[in-house]
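Keep in mind that this is a model prediction, so the values were computed, not measured.
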Amino acid sequence: YKRQALNYLKDECRLNIKLTKEHSNYIHSIRKIRNDYAHGNWDNVKEQLIRLNLVTAFRIVTEILDSIRDQDYENKNIK
């Protein structure tokens, strides 16, 4: 799923988002929490949320959004 999202941003939006290993690991962790939540695996959700560092999660989201913001939109003809 992550690869499809990155390909969409690259091909359709002309954005080249580079994720670090840390970014990828956190995205994977968040997806696991989402999946367990969707399937009602509450014990897994609770266990994973305890291990999640919220400050780090917000930093990672900020870094990813910053990389999108820093792209040169005007030269890419994004509408």
Side-chain angles (χ1 to χ4, degrees):
Y1 175 79
K2 180 179 64 175
R3 180 63 42 210
Q4 290 173 332
L6 290 173
N7 285 340
Y8 176 83
L9 290 172
K10 180 180 175 189
D11 298 339
E12 300 297 324
C13 302
R14 298 184 186 125
L15 296 170
N16 190 16
I17 308 303
K18 295 192 185 330
L19 299 178
T20 67
K21 181 80 168 168
E22 183 184 29
H23 294 160
S24 294
N25 289 341
Y26 255 78
I27 290 170
H28 179 71
S29 295
I30 298 301
R31 287 192 70 235
K32 284 177 58 179
I33 293 170
R34 181 191 58 83
N35 289 342
D36 282 335
Y37 179 87
H39 294 286
N41 299 327
W42 308 118
D43 290 337
N44 290 348
V45 171
K46 181 179 178 181
E47 185 178 310
Q48 292 173 60
L49 286 175
I50 290 170
R51 290 191 305 241
L52 183 72
N53 182 320
L54 196 54
V55 172
T56 301
F58 275 105
R59 179 182 54 76
I60 288 171
V61 169
T62 300
E63 289 172 359
I64 293 169
L65 292 174
D66 283 347
S67 72
I68 293 170
R69 181 201 62 213
D70 293 341
Q71 300 284 319
D72 184 4
Y73 294 111
E74 291 182 21
N75 290 332
K76 298 188 183 318
N77 296 318
I78 296 176
K79 298 176 183 181

Hey, could you give me the [atom1]/[atom2] distance between [X] and [Y], rounded to the nearest 0.5 Å?
| X | Y | atom1 | atom2 | result |
| --- | --- | --- | --- | --- |
| Asn44 | Leu49 | CG | CG | 10.5 Å |
| Ser29 | Arg51 | OG | CZ | 7.5 Å |
| Leu15 | Ser67 | CG | OG | 8.5 Å |
| Ile60 | Ile27 | CD1 | CD1 | 8.0 Å |
| Asp70 | Leu65 | CG | CG | 10.5 Å |
| Asp36 | Lys46 | CG | NZ | 14.5 Å |

Within-4.5 Å side-chain heavy-atom neighbours: Asn35 and Lys32: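 Not touching, per the 4.5 Å side-chain cut-off.
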Residue pairs involving residues 33-57 (criterion ring-ring contact (aromatic ring centres under 6.0 Å, His included); sequence neighbours excluded):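 Applying ring-ring contact (aromatic ring centres under 6.0 Å, His included) to every pair that reaches into residues 33-57, excluding sequence neighbours, yields Tyr37-Trp42.
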Check: His28 side chain, Asn25 main-chain N or O, donor-acceptor pair, under 3.5 Å: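 No.
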Backbone N/O of Tyr8 and side chain of Glu12: donor-acceptor pair under 3.5 Å: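 Flag not set: sc Glu12 to bb Tyr8 has no pair under 3.5 Å.
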Side-chain hydrophobic cluster, 4.5 Å single linkage: members besides Phe58: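 Reading the cluster by chain and number, Phe58 sits alongside Leu54.
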His23 to Lys18 - nearest heavy-atom pair and separation: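 Nearest pair, atom of His23 first, then Lys18: ND1-O, 4.3 Å.
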For Asp43, side chain to side chain contact (heavy atoms under 4.5 Å, CB included) partners two or more places apart: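 By the side chain to side chain contact (heavy atoms under 4.5 Å, CB included) rule, Asp43 matches no residue at all.
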